S.K.: 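One structure follows; several queries about it will come next.
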Number of protein chains: 2
Amino acid sequence: MKEKLLKSFQGFASFSEQEASLIISKTKLRNFRKKENLLKIGETCSAFYFILKGAIRQYRTTEDLDEITLNLYLENNWVLEHQSFTSQKPSTTTIQAFEDCTVYELDIHAIHELIGRSPSFFQLGKILEQPLLGIELYQNLPTPEQKYRAILTHNPQLIQKFPLKHIASYLKITPETLSRVRNKLSKSS
Amino acid sequence: MKEKLLKSFQGFASFSEQEASLIISKTKLRNFRKKENLLKIGETCSAFYFILKGAIRQYRTTEDLDEITLNLYLENNWVLEHQSFTSQKPSTTTIQAFEDCTVYELDIHAIHELIGRSPSFFQLGKILEQPLLGIELYQNLPTPEQKYRAILTHNPQLIQKFPLKHIASYLKITPETLSRVRNKLSKSS
DNA sequence: AGGAGCACTTGATCCAAATCAAGAAATTAA
DNA sequence: TTAATTTCTTGATTTGGATCAAGTGCTCCT
């Protein structure tokens with residue numbers, strides 16, 4: 001049941017078996033229904049979530065009620081609002097279940113408690129970086145085609161799971177442009 | 001002599017006087033000549049630098065030998081290559097003195113030693129975030145005018161110190177566009 | 001099953017910024 | 001101080017992606 005979580009830790013940290021099972025004992029299993037919010041605007045992010053099953057979208061709402069997709073998450077990924085968590089101030093973004101989800105929750109009290117026991121748990125801080133990785137990878141590329149190619153290379157499941165409009169927003173291009181890029185690439189291959 | 005460094009710590013951390021002076025005792029004062037590199041491509045970033053005097057530019061070189069300016073730093077700022085430092089792998093960017101510089105260097109061994117003495121030195125980790133702040137602030141804005149206004153508001157000294165082409169590259173626009181934006185704004189004010 | 005909204009595609013038009021180009025001004029080097 | 005180089009400005013042209021618009025096909029209701 002918890003081997004996916006263990007595997008994730010092994011990917012970015014070096015915990016002993018005891019340490020890992022101590023962390024895991026602090027996690028709570030939670031379920032969210034499609035469209036249910038893990039974090040609402042104005043709430044302070046007080047936990048890390050690890051997606052066991054499901055998919056999650058994080059977005060910001062503009063004055064004219066458009067939603068800008070900030071991040072898309074699939075299974076075996078860590079989810080949190082970096083800004084809100086590190087500052088412990090209210091979030092300006094929403095984290096929402098895109099489909100029914102099962103997640104592990106590791107809350108800030110548990111984290112502090114662990115760090116109190118042993119400094120090696122400071123490695124948990126690396127989880128903070130996880131959600132930022134994709135953004136770096138895709139959004140800063142100069143052309144829509146490069147962005148789409150990058151996401152195809154590094155995270156093709158994203159494209160299968162989420163509708164084009166969310167992918168487009170995440171890549172900071174319009175759905176029309178993404179549609180054309182995708183069309184062009186499928187022909188040239 | 002070291003009160004600038006003290007002031008910087010007070011800005012983002014809460015160290016006791018003893019702790020602060022312990023950190024400071026671990027720093028080395030170093031000088032770099034104009035165009036001298038603090039970090040070269042391929043080297044691993046193994047220290048934080050605090051600029052006492054001077055200005056520093058960080059850039060990446062593309063295949064066709066263009067330099068893309070990634071960050072610009074003035075006095076009283078922390079400089080490092082985040083990616084290389086946190087992963088302890090070779091940097092793909094260059095950090096170079098834009099003019100003669102005097103800096104404090106706090107190397108990774110000193111940092112580890114401090115953290116070994118007291119967990120409160122984990123607050124030093126916040127230095128890692130410092131260089132990323134400006135990038136968030138300017139580069140993600142949608143129009144050249146907004147980028148230029150933002151930099152005018154938050155860091156006008158940058159514009160005075162660095163030539164237009166470096167500012168333009170940092171903002172990811174062309175020098176021509178920046179010249180026109182600046183010209184337009186100076187007329188409308 | 002039928003209908004109301006979504007999701008996606010495709011085409012036409014527009015526009016902001018990039019590119020290309022050339023000259024003026026400032027800085028650096030000899 | 002002059003020559004050489006770099007920096008900056010200004011104009012003309014091009015272009016990639018946004019926007020506008022219309023039509024088709026899904027999906028999810030009840």
Side-chain angles (χ1 to χ4, degrees), chain A residues 33-36 55 57 59 61-69 72 96-100 138-152 156 158-189, chain B residues 33-36 55 57 59 61-69 72 96-100 138-152 156 158-189:
Chain A
R33 287 295 189 73
K34 182 172 177 171
K35 298 244 169 185
E36 202 179 339
R57 185 172 72 102
Y59 62 89
T61 309
T62 64
E63 318 80 64
D64 38 341
L65 299 177
D66 292 334
E67 288 178 0
I68 300 170
T69 294
L72 300 169
Q96 187 177 88
F98 176 72
E99 54 184 32
D100 292 357
Y138 313 129
Q139 291 183 357
N140 287 330
L141 294 170
T143 69
E145 185 170 329
Q146 283 175 273
K147 291 176 184 184
Y148 182 67
R149 281 183 187 279
I151 212 169
L152 260 187
L158 235 39
I159 292 168
Q160 280 145 32
K161 178 73 79 173
F162 292 98
L164 173 140
K165 68 165 185 174
H166 289 153
I167 305 279
S169 178
Y170 177 50
L171 297 179
K172 296 188 177 171
I173 59 181
T174 59
E176 292 93 330
T177 295
L178 182 54
S179 175
R180 283 184 248 260
V181 167
R182 169 202 270 178
N183 193 264
K184 183 187 158 200
L185 289 195
S186 71
K187 279 173 186 163
S188 70
S189 68
Chain B
R33 287 295 188 74
K34 181 172 176 171
K35 299 242 171 187
E36 201 178 340
R57 184 171 73 100
Y59 62 90
T61 309
T62 64
E63 318 82 62
D64 37 343
L65 298 177
D66 292 334
E67 289 178 359
I68 300 170
T69 293
L72 300 169
Q96 186 177 88
F98 176 73
E99 55 184 32
D100 291 358
Y138 313 130
Q139 291 183 357
N140 286 331
L141 294 170
T143 70
E145 183 169 331
Q146 283 174 274
K147 291 177 184 182
Y148 182 67
R149 280 182 187 279
I151 212 168
L152 260 187
L158 276 184
I159 293 168
Q160 280 145 31
K161 178 74 77 175
F162 292 98
L164 173 140
K165 68 166 186 173
H166 289 153
I167 306 279
S169 178
Y170 177 49
L171 297 179
K172 298 188 175 170
I173 59 181
T174 59
E176 292 93 331
T177 296
L178 182 55
S179 176
R180 282 183 248 261
V181 167
R182 170 202 269 179
N183 192 265
K184 184 187 158 200
L185 289 195
S186 71
K187 279 175 185 164
S188 70
S189 67

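The structure displayed is predicted, hence computed values, not measured ones. Sequence lines set the chain letters: A, B, ... in the order given, protein chains first and strands last, and positions in each chain run from 1.
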S.K.: Which part of the nucleic acid does A:Pro144 contact within heavy-atom distance under 4.0 Å: base, sugar-phosphate only, or nothing?
M.R.: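 Sugar-phosphate contact only - A:Pro144 comes under 4.0 Å of backbone atoms but never of a base.
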
S.K.: Rounded off to whole Å, could you give me the CD-to-P distance for the A:Glu145 and D:dA18 pair?
M.R.: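 Interatomic distance, CD of A:Glu145 to P of D:dA18: 14 Å.
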
S.K.: Under the 3.5 angstrom rule, does the side chain of A:Ser169 hit a backbone N or O of A:Thr69 as a donor-acceptor pair?
M.R.: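 Yes.
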
S.K.: Side-chain N or O of B:Arg180 less than 4.0 angstrom from OP1 or OP2 on C:dA16?
M.R.: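 No, because none of the side-chain N or O atoms of B:Arg180 sits under 4.0 Å from OP1 or OP2 of C:dA16.
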
S.K.: Could you tell me the separation between the CD1 atom of B:Ile167 and the C1' atom of D:dT6, rounded to a whole number of Å?
M.R.: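 Atom CD1 in B:Ile167 sits about 17 Å away from atom C1' in D:dT6.
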
S.K.: Quick one: which of D:dT10, C:dA7, D:dT19 gets closest to the side chain of B:Ser179?
M.R.: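 Of D:dT10, C:dA7, D:dT19, D:dT10 is nearest to the side chain of B:Ser179.
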
S.K.: Is any side-chain heavy atom of B:Phe98 less than 4.5 Å from a side-chain heavy atom of B:Pro163?
M.R.: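 Yes - at least one pair of side-chain heavy atoms lies under 4.5 Å apart.
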
S.K.: What is the distance, to the nearest angstrom, from the OH atom on A:Tyr148 to the P atom on C:dC8?
M.R.: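 In whole Å, C:dC8 P lies 11 Å from A:Tyr148 OH.
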
S.K.: Please report the distance, rounded to the nearest Å, between NZ in A:Lys35 and P in D:dC29.
M.R.: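 It is 10 Å, rounded to the nearest whole Å.
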
S.K.: So, does A:Thr174 get its side chain near the phosphate of D:dG17, meaning an N or O under 4.0 Å from OP1 or OP2?
M.R.: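 No, because none of the side-chain N or O atoms of A:Thr174 sits under 4.0 Å from OP1 or OP2 of D:dG17.
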
S.K.: Between B:Leu72 and B:Ile167, is a side-chain contact (heavy atoms from CB on, under 4.5 Å) present by the stated rule, with each step listed?
M.R.: CA-CA 8 Å; B:Leu72 300 169; B:Ile167 306 279; 4.0 Å; yes

S.K.: Using only atom types and a distance under 3.5 Å, with no angle test, would you say the side chain of A:Asp100 pairs donor to acceptor with the backbone of A:Lys34?
M.R.: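 Indeed, once roles are kept as given, a pair shorter than 3.5 Å links the two residues.
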
S.K.: According to a strict under-4.0 Å criterion, is B:Asn183 in side-chain N/O contact with OP1 or OP2 of D:dT9?
M.R.: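 It does not, given that no N or O in the side chain of B:Asn183 lies less than 4.0 Å from OP1 or OP2 of D:dT9.
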
S.K.: For the pair made of NZ in A:Lys184 and C1' in D:dG17, what is the distance, rounded to whole Å?
M.R.: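 Interatomic distance, NZ of A:Lys184 to C1' of D:dG17: 13 Å.
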
S.K.: Send over the distance from A:Leu185 CG to C:dT9 P, rounded to a whole Å.
M.R.: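 To the nearest whole Å, that distance equals 13 Å.
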
S.K.: Do B:Lys147 and B:Leu178 come close enough that some side-chain heavy atom pair is under 4.5 Å?
M.R.: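 No - every pair of side-chain heavy atoms lies 4.5 Å or more apart.
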
S.K.: Between B:Ile173 and A:Pro175, just flag the one whose closest nucleotide in DNA chain C comes earlier from the 5' side.
M.R.: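 Comparing both residues, the 5'-ward one is A:Pro175.
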
S.K.: I want to verify a distance call: between C:dT19, D:dT19, D:dC8, whose nearest atom is closest to the B:Leu164 side chain?
M.R.: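 Ranking C:dT19, D:dT19, D:dC8 by closest atom to the B:Leu164 side chain puts D:dC8 first.
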
S.K.: Return the nearest nucleotide to the side chain of A:Thr177; candidates are C:dA17, D:dG17, D:dT10.
M.R.: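 Selected nucleotide: D:dG17.
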
S.K.: A:Arg182 side chain: which of C:dC8, D:dT7, D:dT9 is closest?
M.R.: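 Looking only at side-chain atoms, A:Arg182 lies closest to C:dC8.
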
S.K.: Quick check: on DNA chain D, is the nucleotide nearest A:Glu176 upstream (toward 5') of the one nearest B:Glu176, or the reverse? Name the residue that is more 5'.
M.R.: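 On the 5' side of the pair lies B:Glu176.
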
S.K.: Between B:Lys34 and B:Lys172, which is nearer to the 5' end of DNA chain C once each is assigned its nearest nucleotide?
M.R.: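 Its nearest nucleotide lies further toward 5', so the answer is B:Lys172.
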
S.K.: C:dC6 P sits how many Å from A:His166 NE2, rounded?
M.R.: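 Nearest whole value for this atom pair: 12 Å.
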
S.K.: B:Leu178 CG to D:dT7 P: how many Å, rounded?
M.R.: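 About 14 Å, once rounded to whole Å.
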
